[in-house]
Amino acid sequence: MACHLFLYRNLVYNLQMETTKKGKLFVITGPSGVGKGTILEKFFHNNNNIIYSISQTTRKPRPGEVHGVNYFFVTKEEFENSIKNDEFLEWAKYSDNYYGTNKKFVLKALNKGADVILEIETQGAQKIMEKFPDCVTIFFTPPNFDELEKRLRGRNTEDEDAIKKRLDKVKEELQLAKNYKYNIENDEIENALTKLQKVYDEEKNEH
């Protein structure tokens, strides 16, 4: 997400805040193709006081994705070395690719009082929920399964076998929505964005 580039201008300020109050951790997940990235891109345009934790992944970049902005794209060997060195707050294997969240970055930000958003897969989200029971959990759902399949096929980035694997995984993931504090249906981007903003504002006021 190119919009995240401007977040770096605020990162130094956020990490230098003089406070003993820890930041709040927001965990955002949902099935592949539900539109999490698009919604967050717009969300960050309106909120420059929250840090986006960029995950590492071994999957190939999709058209328009930028290393160090959308993800840190690494090799399987690099990722597995990071696992051995205990560098991840969570990591998971999803559709034959690894995804992980850098431990040092997130903990440093939270300890300095900055709020942090993790956009991660459901496996990783479960691990974060176990480690941070007070985190704010948000699950994005599609309006229906057919629409989600249409979005996945519309990417034109995977072969039929890979798409079928993702769709099978989607069916499993949708059963997990009940475990999250908030469910937001992405029927239309602006509607979902409004709901996410409301959740963030309410949680921030409770902080």
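In this text the structure is predicted, and so the values were computed from the model without any measurement. By convention here, the first residue in the shown sequence is residue 1. Only heavy atoms go into these numbers, but all of them, side chains included; no hydrogens, no water, no symmetry mates.
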Following the transitive rule for hydrophobic clusters with a side-chain heavy-atom cut-off under 4.5 Å over Ile, Leu, Val, Met, Phe, Trp and Tyr, establish whether L25 and F88 coincide in one cluster.
no
Please determine whether residues V74 and V66 belong to a single hydrophobic cluster, defined as Ile, Leu, Val, Met, Phe, Trp and Tyr linked transitively by side-chain heavy-atom distances below 4.5 Å.
no
Side chains of Y180 and M129, heavy atoms from C-beta outward: is any pair under 4.5 Å?
yes
Between D86 and K103, is the salt bridge (Lys or Arg N to Asp or Glu O under 4.0 Å) condition met? List the steps.
CA-CA 8 Å; D86 193 29; K103 180 191 298 185; 3.0 Å; yes
Are E130 and K127 close enough for a salt bridge, meaning some N to O gap below 4.0 Å?
no
Would E80 and Y98 count as having a side-chain donor-acceptor pair, cut-off 3.5 Å?
yes
I need the minimum non-hydrogen distance between F139 and E173, along with the two atoms involved.
CZ-O, 3.4 Å
Flag side-chain contact, heavy atom, 4.5 Å: N183 against I138:
no
N47 and Q197: side-chain donor and acceptor closer than 3.5 Å?
yes
Indicate if W91 and Y71 have the same hydrophobic cluster label, given that clusters are the connected sets of ILVMFWY residues with side-chain heavy-atom separations under 4.5 angstrom.
no
Could you list the residues that satisfy side-chain contact (heavy atoms from CB on, under 4.5 Å) with E147, not counting sequence neighbours?
P143, N144, K150, R151
Rounded to the nearest 0.5 angstrom, the OG1-CD1 distance for T29 and I120 is 6.5 Å
Considering residues at least two apart in sequence or located in another chain, which fulfil the side-chain contact (heavy atoms from CB on, under 4.5 Å) criterion with S53?
T101, F105, V106, V116, L118
Establish, from distance only, whether the side-chain atoms of E203 and Y182 form a donor-acceptor pair under 3.5 Å.
yes
Ring-plane angle category for F43 and Y200, please: parallel below 30°, perpendicular beyond 60°, tilted otherwise.
perpendicular
Just jot down the side-chain contact (heavy atoms from CB on, under 4.5 Å) partners of D161, sequence neighbours excluded, or say none.
D159, K165
Less than 4.5 Å apart, any side-chain heavy atom of F140 and any of P31?
no
With salt bridge (Lys or Arg N to Asp or Glu O under 4.0 Å) as the test, would you mind laying out the steps for R166 and E149 before giving the verdict?
CA-CA 9 Å; R166 283 193 180 272; E149 181 176 1; over 6 Å; no
Please indicate whether K76 has more than 12 foreign heavy atoms, meaning atoms of other residues, nucleotides or ligands, lying under 6.0 Å from its NZ.
no
Membership question, hydrophobic clusters at under 4.5 Å side-chain separation (ILVMFWY): are Y99 and L89 in the same one?
no
Would you say that Q56 contacts S82 through its side chain, given a criterion of any heavy-atom pair below 4.5 Å between the two side chains?
yes
I184 vs T141, test: side chain to side chain contact (heavy atoms under 4.5 Å, CB included). Steps then yes/no.
CA-CA 6 Å; I184 297 178; T141 64; over 6 Å; no
If Ile, Leu, Val, Met, Phe, Trp and Tyr residues are connected whenever their side-chain heavy atoms lie under 4.5 Å apart, and connections chain through other members, are V34 and F44 in the same group?
yes
